[in-house]
There are 2 protein chains.
Amino acid sequence: MTITAVPADELPLRERKKLRTRRALVDAALELFTERGFEETTLDDLCAAVEVSKRTFFRNFGSKEDVALTPSQDMWAAFLDELERCEPGSGRPVIELAQDCLLVAVGRMTGDGWARQVRLGERLAARIPSVGAYGLHFCDRTTREALAILRRRFDLGDADDLRARLVLDMLIAAWHAALESWTSMPGEPGAADLAARLREAFAAIPGCLTLTAAPRDAPASP
Amino acid sequence: MTITAVPADELPLRERKKLRTRRALVDAALELFTERGFEETTLDDLCAAVEVSKRTFFRNFGSKEDVALTPSQDMWAAFLDELERCEPGSGRPVIELAQDCLLVAVGRMTGDGWARQVRLGERLAARIPSVGAYGLHFCDRTTREALAILRRRFDLGDADDLRARLVLDMLIAAWHAALESWTSMPGEPGAADLAARLREAFAAIPGCLTLTAAPRDAPASP
DNA sequence: AGGCAAATGCCACTGAGTGGCATAGTGAGT
DNA sequence: ACTCACTATGCCACTCAGTGGCATTTGCCT
């Protein structure tokens, strides 16, 4: 399912073959979209480059946008997986629990080109509206799944208590902030750099509620 | 520009005509999408119903998804407008400032069918992935514009300080939470009900950072 | 009245995404 | 080794969103 998972040479031949074409499609797609442009690259171009029929492409990916964000989506799958297995310290805030799971998920992304491909994908998301929209929608779905997992495993109060949902949305907000500064870093930052940015963003959450707006040309708030 | 603004009979005839077709397209679109289904309604159907060419549709709206969320987008335009004119009390948290602007913007939506059309649009966003994705992307763009306005008008600290961005994302999170419970309310709730839900969501923000996850079948956190 | 600019309609076209059906390669049972 | 079932794939035709170009109308201004 996830292309960054270990190839697991134990897998049946058929599965390995399918994974190979999946991987080839992602690689070629990110390369072509980045070099030649997203709109300028047709699916026929992509399929020709990988020597695969368009029908096969759509059996592996839901849309043209989907393939560009596959590496990011793999990380979110790991995040949900982590949520399923994590153990809450007693009295531990949910936000910390979720932050830990996200950091572990990022740490699990040890694939070779993962960081580079995520950066390429997110840059596309920033420039191409349809890709950005797809990414946001995927994040939203994942958030809902995460909430469902947490509610199933733990007692988070009434279902109409908005706090649990808000917590996860804050996590996502921090994620996006961290991701954006990470993708614009010079050089070739890796997963560890992303984790560092994430920690910074998490640290900024509590203080943001008290941020004040000083009129321009006046001393900033303490 | 916005279809919910007062008709302003003083407008040049040409503008009034354009507004009429815009309004007719939105009305017909929401009706058709809701009754017959989004995918099942082609743009040709819609244009035939309004007796307008497809070319004209695309001069008024950017996409099929766009027309469904026009009423919501009008509110966000009012929000940005409000951000431009608001005055910050000294030492007032940015989050409160933004919350007030959002409530004022909702209060400004006095058009007849506004609440109903927003509900129809958001229900489509919840059911149809492409509509949901478009809505999220629009929200994201609006958030960035709001941040730019605030940074231009007020001193919010360094540009790489993430707090200002996180504040706005929290506002959006509260908005979505409120909107969702509002759209699923029984009866025909109006803008005032939405404002009430918004206030509830705003109130839930501070407490969510301390929400704890109790193991199932154990007493909930205090 | 007459001319300008904007809005519209019509037409042809590209490209994403889907359904149906025939085929080939794979895994399992004998 | 042989066969049977399964699944992925390729190919073909199709729908529909969205775009560009050009001729035509329509409100607007002098």
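We name chains A, B, ... by the order of the sequence lines, and we start the count at 1 in each one.
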Test: A/Arg152 and A/Glu84 ion pair at under 4.0 Å: yes
Along DNA chain D, first and last positions that approach a heavy atom of chain A under 4.0 Å: D/dC6 to D/dC11
Euclidean distance, atom CG of residue B/Leu25 to atom C1' of C/dG9 [Å, nearest integer]: 14 Å
Side chain B/Asp193, main chain B/Pro189, donor-acceptor under 3.5 Å: no
A/Glu15/A/Arg20 salt bridge by N-O under 4.0 Å criterion: no
Length of the CZ-C1' vector between A/Phe57 and C/dG15, whole Å: 13 Å
Polar side-chain atom of B/Lys64 near backbone of B/Phe38 as donor-acceptor pair, under 3.5 Å: yes
Value in whole Å for how far the C1' atom of C/dA6 lies from CZ of B/Arg59: 10 Å
Bracket notation of DNA chain C in which parentheses pair within the strand, [ ] cross earlier pairs, and | pairs with another strand (Watson-Crick or G-U, under 3.5 Å): ||||||||||||||||||||||||||||||
B/Arg116 side chain vs B/Glu188 backbone, donor-acceptor pair below 3.5 Å: no
Strand-adjacent residues in residues 44-56 of chain A, judged by heavy atoms under 4.0 Å from DNA chain C: A/Lys54, A/Arg55
A/Trp76 ring center within less than 6.0 Å of A/Trp175 ring center: yes
Comparing A/Lys18 and B/Thr42 on DNA chain D - which has the more 5′ nearest nucleotide: A/Lys18
Test side-chain contact (heavy atoms from CB on, under 4.5 Å) applied to A/Ser72 and A/Met109, A/Glu122, A/Gln117, the passing residue: A/Glu122
Shortest non-hydrogen separation from B/Leu30 to B/Leu120 and the atoms involved: CD2-CB, 4.1 Å
Presence of salt bridge, A/Glu82 and A/Arg108, under 4.0 angstrom: yes
Separation of C/dT18 P from A/Phe61 CZ (nearest whole Å): 14 Å
Distance in angstrom units between A/Asn60 CG and C/dT18 P, rounded: 14 Å
5' priority, DNA chain D, between B/Glu15 and B/Ser63 [closest heavy atom]: B/Ser63
Euclidean distance, atom CG of residue B/Leu19 to atom C1' of C/dA6 [Å, nearest integer]: 15 Å
Nearest-angstrom distance from the residue atom CD of A/Glu65 to P of C/dG15: 15 Å
Any donor-acceptor N/O pair, A/Arg123 side chain to A/Thr183 backbone, under 3.5 Å: yes
Under 4.0 angstrom between A/Lys64 side-chain N/O and C/dG17 OP1 or OP2: no
Nearest-angstrom distance from the residue atom CZ of A/Phe33 to P of C/dG15: 13 Å
Name of the residue among A/Leu80, A/Ile149, A/Leu83, A/Asp81 meeting side-chain contact (heavy atoms from CB on, under 4.5 Å) with A/Cys101: A/Leu83
